[in-house]
Amino acid sequence: MNADPPDGFVPSDPGLDRLLGMLTAGPTPDELTGESAALAMFRANHRSASAGPSRPAPGFYARRAARLAAAVTVVLAGAFAGAAYDAVLPAPVQHVAYRVLGFAGVPDISRSRPPSGRPQLGRSALPSASPTPSPLRSIGHTSPPTPRPSASSSGAAPGPGSLTLTVQHSQIVAGAGEVFTGRLTRRGQFIRSATLSLLERTAGRPGWHLAARGTTGARGRAVLVTADLTANAAFQLTGPDGAQSKPVLVIVLPSVSARLAVGPHRHADVLTASSPLADPGDAVVLQIWYRGAWLSVREHRLHRGGQAAFLIRPRPRSRVYRIVLLATVTHGRGASNPLTVPPR
Amino acid sequence: MAMQTCGLDAALTRAQSGDEAGFIELWRALQPRLLRYLRVLGCDDPDDVASETWLQVVRDLHKFEGGEDGFRRWLFSVGRNRAIDAARAGKRRRVRPVADVLERVADEQMVEDQVLDGMSVRKAISLLDGLSRDQAEAVALRMIAGLDTTAAADILGKSPGAVRVALHRGLRALAADPRVQALAADQGQHGPAADPCLLAPRRWAR
């Protein structure tokens with residue numbers, strides 16, 4: 001048995017140092033995506049905490065303070081409930097509201113977004129070979145207006161408004177479309193009839209270009225759609241008076257297929273991997289299903305035609321294989337369907 | 001850019017008094033570490049568990065007494081409990097809410113850099129898969145969360161000696177892993193810088 005090592009003792013090793021450096025590296029963008037939601041949660045909690053009758057005052061002032069606090073609580077609760085019914089709260093807060101008020105019809109995040117009236121995306125069975133996503137259409141949000149006072153016309157007040165951009169999925173299948181929702185507010189009011197432009201910057205290509213354009217509806221919201229995304233891309237929304245959203249990143253997952261060609265007697269079978277949207281030189285890994293887990297067996301590079309071949313030795317038992325395309329800067333990780341190689 | 005968590009005492013005090021900037025400073029410093037720790041634990045949805053963790057922390061923040069080290073211990077303890085609850089509940093990966101799946105990128109950075117950063121961290125976390133649960137947790141709590149041995153032992157319900165042994169064995173196993181050794185070949189190219197707060201003196205100090 002090893003002696004108890006000292007508290008700070010860490011073996012010195014270059015690879016280990018590098019690993020620890022990676023584990024403690026600065027935050028990645030996706031690790032900080034929940035900041036606005038966390039802040040909203042903090043605000044909501046602090047408001048409710050400070051609105052409570054925590055410091056009783058003597059006599060008349062105590063009763064008056066209590067009544068005031070109760071009134072503030074009712075107003076805050078009303079505003080909170082109104083926002084929850086309209087599903088405009090940040091996701092975690094909306095989820096909490098759903099837990100509390102779900103019985104009364106407050107929607108959960110998964111049901112409240114995206115809007116029910118959003119268009120259905122067409123997704124082609126065979127992805128386009130085009131490396132650049134093309135803009136398809138843009139649709140103004142058409143949800144029915146609610147009695148709550150909200151909108152003002154666009155451009156009425158000077159200065160840029162607050163523009164937020166949300167995306168339906170952070171990862172999509174290559175060739176599929178993506179739905180973006182933009183919301184423009186100024187001084188807490190929704191801005192309607194404003195034109196929003198969705199800009200796209202594709203991995204491996206410099207500069208931004210226009211992907212879609214839309215007009216905000218009564219609640220300051222516009223739904224914009226892009227189709228045939230075939231490479232990782234950042235998207236950003238711009239609006240009137242220089243309003244800009246923060247960019248969001250969409251990872252594209254290429255399709256990978258595996259085809260088995262049975263070899264002649266006692267000769268190897270050939271498993272051919274194919275991923276039309278991957279680049280020549282991208283790595284594909286042959287994996288075998290073994291004792292409940294996928295084990296990597298071999299790695300090849302895709303040829304110019306987006307294919308790579310693995311030789312499979314004949315086995316007396318059937319084996320299940322799959323091909324995994326490793327992620328690169330231009331696309332995410334893809335995997336083929338499992339393929340059973342019969343015994344021979 | 002390495003994660004900086006030194007000197008969060010002032011931010012903690014401000015957050016407890018309701019200061020949003022103080023809370024955001026805390027959140028930005030500790031949320032990435034929390035997510036990485038939850039990933040090491042094998043959470044199906046670390047973002048969801050992290051949200052639950054912060055929800056509890058925010059709710060009870062006014063009751064908290066102590067400094068940065070105590071807060072860090074509390075946060076990761078709550079996170080671990082939430083992760084265990086989630087695992088017990090058999091939560092399946094559900095459709096993630098829109099706001100949680102946003103992957104925001106800085107304006108100046110290219111898309112490629114963003115993707116590489118994320119891949120680098122995930123790859124590093126995946127290398128801990130080969131460790132036993134105790135070893136992985138000891139490494140994660142000491143190295144990622146930045147807790148001292150006593151705090152890590154407190155969270156894990158073990159003696160400090162047991163945590164030291166698990167940490168030592170875990171690091172030895174990692175150093176012997178061919179995948180980790182291969183990382184040394186990339187040293188000095190474009191790897192992320194280590195967090196100075198962890199490297200010295202916190203990481204090495206007795």
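Nothing here was measured: the structure is a model prediction, and the numbers come from that model. Each chain gets a letter, A, B and so on, in the order the sequences are listed, and its residues count up from 1.
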Working to the nearest 0.5 angstrom, can you tell me the gap between A:N45 CG and B:F23 CZ? 9.0 Å
Should B:E20 and A:L39 be marked as a side chain to side chain contact (heavy atoms under 4.5 Å, CB included) after you check the CA-CA gap, both sets of side-chain angles, and the distance that decides it? CA-CA 7 Å; B:E20 293 178 2; A:L39 184 58; 3.8 Å; yes
Step-by-step side chain to side chain contact (heavy atoms under 4.5 Å, CB included) determination, B:I24 to A:F42: CA-CA 9 Å; B:I24 284 300; A:F42 179 77; over 6 Å; no
Does some side-chain heavy atom of B:R36 sit less than 4.5 Å from a side-chain heavy atom of A:L23? no
Would you please name every residue forming a side-chain contact (heavy atoms from CB on, under 4.5 Å) with A:D282, sequence neighbours left out? A:A278, A:D279, A:L302, A:L325, A:T328, A:H331
Only heavy atoms, only distances under 4.5 angstrom. Which residues in residues 127-139 of chain B are near chain A? B:L127, B:L128
How long is the gap from CG on A:L19 to CD on B:Q181, to the nearest 0.5 Å? 12.0 Å
At a heavy-atom separation under 4.5 Å, does B:I125 approach chain A through its side chain, its backbone, both, or neither? both
Separation of A:T24 OG1 from B:R33 CZ (nearest 0.5 Å): 7.0 Å
Test side-chain contact (heavy atoms from CB on, under 4.5 Å), reference A:E31, set B:V121, B:L34, B:D47, output is B:V121
With a 4.5 angstrom heavy-atom cut-off, could you sort out which part of B:S17 is near chain A: side chain, backbone, both or neither? backbone
ring-ring contact (aromatic ring centres under 6.0 Å, His included) contacts in which one or both residues fall within residues 136-155 of chain B, not counting sequence neighbours: none
Interatomic spacing from CG in B:L174 to CG in A:L20 - rounded to 0.5 Å: 7.5 Å
Non-hydrogen atoms of chain A under 4.5 Å away: do they reach the side chain of B:W27, the backbone, both or neither? side chain
Check each atom of B:D60 against the heavy atoms of chain A and say whether the ones under 4.5 Å are side chain, backbone, both or neither. neither
If the condition is salt bridge (charged side-chain N to carboxylate O under 4.0 Å, His left out), which residues does B:D154 pass it with, not counting sequence neighbours? B:R73
Is the backbone N or O of A:L32 less than 3.5 Å from a side-chain atom of B:R28, with the two atoms forming a donor-acceptor pair by type? no
